[in-house]
Amino acid sequence: MCGIAGARAEWLAELGREPGRALAAALGTLAWRGPDGSGVVAAGGWWLGCARLAIGPRRSRQPLVLRGGRFAGVLNGAITNARELWPRWRPRLAAIAAPRALPNDAWLPLLAVAAGDRAALGQLRGHHAYAVVDAARDQLVFGQDRFGEKPLWCLVQKRGRRWQLVAFASTPAALVALGGAPLQLERGLPELLRTGFADWLPQRVRRGLWLLPAPGRGAPFVADATGYRTPWLGNLPPTPAAPAATAARPCDQEPDHAPLRRRAIAAVARCIDTASPVGLSLSGGLDSSCLAATLGALQRAVPAFQFCATGSDPAERAVARAVATAAGLPFVPVDGGPEVLDALPALTRAAGMPLGDPSVCAVHATARAAAAQGVRVLLSGEGADECFLGYRRYRALAHLPRLPWLAPFAPRWSMRYPARLLRAASAPDPAAALLEVTPPGFRDRVLAVAGRRARPARPRPADRVLAARAADFAGYLRLDLLPKVDVATLAAGVEGRCPWLEGDFLADGSDRAALGKAHLRAAFAEALPAAVFQLPKRGFALPLDRWLRGNHWLLDLLAEPNTRQRPHLRPGGIAEVVDRHRRGQANLGHGLYLLAAVEIFLRQSESPRNLELGRTAAGPPP
């Protein structure tokens, strides 16, 4: 797990930057992702750099160089099927079997490119982003895991009629150090205040230079001195589509669901194929409880960490403890109150963007507790709800009527479930309405910007559930859940791994029996306590409505004149919603958190040391 960066030497020279110093500056912004060492190398027309977190072999280094410098490469993350791939390019390693440690998996993309076997890069499992330079051809081969677990941001420049990749990095802050600019929030603010996340890209940095996401999920791309060998479609690279659903295997329809259990065990076994200490983030919900059961089946008694916000319902902790006992895992409770939000400034500085999901602070507290016990790899259950159609809103969409005439009567300030259903039933896009984390009255009162232009109306999908899941893969999972895990765990010096995204678990959406994780429940019914299947889903939700009714520094931040005079806010809007919330007229804790998260980012963009709230001890090292 690392932070990687790279840039074309000629582009840096055009900006008047010395390549070695520019890469060193970029790696300085990535030190929180890789505190165990850093390195820079020049290859062909490229300079590559890596800040390394030593999860694999301690003595290995990055960037890696092969064949006297013709090939150089960097890798962020882990390739979980490395054991089966090593013999493909190093036959002498065919006899290596678990639990013997393997060489650094960062070599694998390098070996694939050197062997002319670029197609194999699409077979990499796990969570990773990589870049390999072929100096003889002056080509860069780069790519990312299929779900976008590991971030990869790109700067592309228009040269004539072609787009040229000029820089890439794991964070926007690293690209700023290379010659980019901070994220511009105005167009994405309405989306952020509505759902808690936003797709900020593509974004124009300056004339001819654009900030974009990595161009693909799972497939390698090639860039050279004249542009992309695989050309972009249209004027700008498109946002990658969600992974295509794979047909459910016939064996998964067997009554005992044993094949699904076996695949889950195999995915977890690949994720824990490391010499580093492993832990499990165990919420007490079904997703992480199934991971606990697979660890028990593998006889890996790794510690299970369960976060509980002070004052929350203790039911989840009781269930999580019962699950850990049944699986033979040591149970480690992690308690957190409003002080967990103190990590937000440091986490925002590390991410280089507003963190709209408050559970990032809970995940970070859990990762810190795991790191304190020596854990370096932390498993979590992200992806199961998408793969197994588990969200409550999927079930609602399957039966929700279309009642557009109700729109004038739908509640505008309530976030209770019946109010959300009424708004969804009358909304043009019911799935988007169910994804909202703030009520429309709140957004109308505080926000003064219009945001992105409205997208053209789409045909009504034949299946609203499948359309919502596809949108979640491209949006909620890629832009919220996975960045949250990446930032929160790495800031604590821990690597997060998501086994449900590592294996082939994408349920066949045409099988409506899969709704509510029916296949997953059946597969693990005998391995888990019955209470797991009765517990409502909560995840890492924080009681913000209660925490932000008293005195809290986030509210102090929102009360400052500099905050309230921002051009994206309506005059008097913050004062009104804070008053409404404190008097109990509406539960607006999440919305108030979002306003504070944006303000923290803006102040750090204006001056990195402008927000010294005395809270950074809970965050990543400076």
Side-chain angles (χ1 to χ4, degrees), residues 277-289 291-292 295 301-327 329-347 355 357-382 481 484-485 487-494 496 529 531-532 535-555 587 589-590 592-593 596-597 613-620:
V278 177
L280 170 66
S281 178
L282 177 61
S283 69
L286 180 62
D287 308 338
S288 59
S289 295
L291 297 181
L295 288 166
V302 308
F305 300 87
Q306 198 268 347
F307 177 86
C308 183
T310 54
S312 296
D313 186 349
E316 278 195 341
R317 172 152 294 176
V319 171
R321 191 185 299 273
V323 169
T325 300
L329 310 183
F331 184 73
V332 184
V334 181
D335 295 309
E339 74 283 351
V340 301
L341 297 174
D342 293 351
L344 184 58
L347 293 174
L355 296 174
D357 190 336
S359 64
V360 67
C361 298
V363 177
H364 181 58
T366 305
R368 282 174 57 85
Q373 294 206 9
V375 168
R376 301 285 276 178
V377 173
L378 189 67
L379 305 186
S380 64
E382 273 70 24
L481 299 182
K484 171 187 70 179
V485 172
V487 171
T489 55
L490 275 180
V494 174
V532 173
L535 192 70
K537 181 177 178 61
R538 279 183 53 84
F540 279 94
L542 298 178
L544 293 176
D545 291 332
R546 184 173 68 252
W547 287 357
L548 298 184
R549 281 204 170 94
N551 295 323
H552 195 279
W553 65 269
L554 288 183
L555 295 178
N587 292 322
H590 201 146
L592 298 177
Y593 167 89
L613 296 172
R615 320 279 180 186
T616 56

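Keep in mind that what you see is a predicted model, and the values were worked out from it rather than measured.
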Student check: side-chain heavy atoms of P358 and W547 closer than 4.5 Å: no
Sorted by chain and number, sequence neighbours left out, side-chain contact (heavy atoms from CB on, under 4.5 Å) with P333 holds for R317, F331
Minimal heavy-atom distance between L347 and A491, with the atoms involved, is CD2-CB, 3.6 Å
| query | Can L379 and V302 be said to form a side-chain contact (heavy atoms from CB on, under 4.5 Å), step by step? | reply | CA-CA 10 Å; L379 305 186; V302 308; over 6 Å; no
Check your understanding: Heavy atoms, side chains only, cut-off 4.5 Å: are L355 and L344 in contact?
Key -> yes
Minimal heavy-atom distance between A301 and P330, with the atoms involved, is O-CD, 3.5 Å
Discussion item. Any non-hydrogen side-chain atom of Y593 less than 4.5 Å from a side-chain atom of L542?
Written reply: no
By side-chain contact (heavy atoms from CB on, under 4.5 Å), V332 pairs with (sequence neighbours left out) P303, F305, Q373
Any chance you could lay out the side-chain contact (heavy atoms from CB on, under 4.5 Å) test for L592 and L544, step after step, and finish with the verdict?
CA-CA 9 Å; L592 298 177; L544 293 176; over 6 Å; no
Residue set satisfying side-chain hydrogen bond (donor to acceptor under 3.5 Å, both in side chains) with D545, at least two apart, ordered chain then number -> none
Rounded to the nearest 0.5 Å, the CZ atom of F307 sits from the SG atom of C361 at a distance of 9.0 Å
Residues passing the side-chain hydrogen bond (donor to acceptor under 3.5 Å, both in side chains) test with R549, sequence neighbours excluded, are N587
What one should report as the nearest heavy-atom pair of D342 and P345 is O-CD, 3.3 Å
Contacts of V485 meeting side-chain contact (heavy atoms from CB on, under 4.5 Å) (sequence neighbours excluded), chain-then-number -> S380, E382, T489
Here the gap from S359 atom OG to H590 atom NE2, rounded to the nearest 0.5 Å, amounts to 8.0 Å
Quick one: do V363 and V487 satisfy side-chain contact (heavy atoms from CB on, under 4.5 Å)? Show the steps, please.
-> CA-CA 9 Å; V363 177; V487 171; over 6 Å; no
Output for pair (L378 CG, R376 CZ), nearest 0.5 Å, gives 12.5 Å
Hits for side-chain contact (heavy atoms from CB on, under 4.5 Å) against A292, two or more places apart or cross-chain, chain-then-number order -> L280, L282, V323, A327, L329
Nearest heavy-atom contact between A531 and V319 is CB-CG2, 3.8 Å
Query raised in the report: Are side-chain heavy atoms of E316 and Q306 found at a separation under 4.5 Å?
Result: yes
Shortest non-hydrogen pair, S283 vs G285, comes out as OG-N, 3.0 Å
Smallest heavy-atom separation, G550 atom then L555 atom, equals O-CD1, 3.2 Å
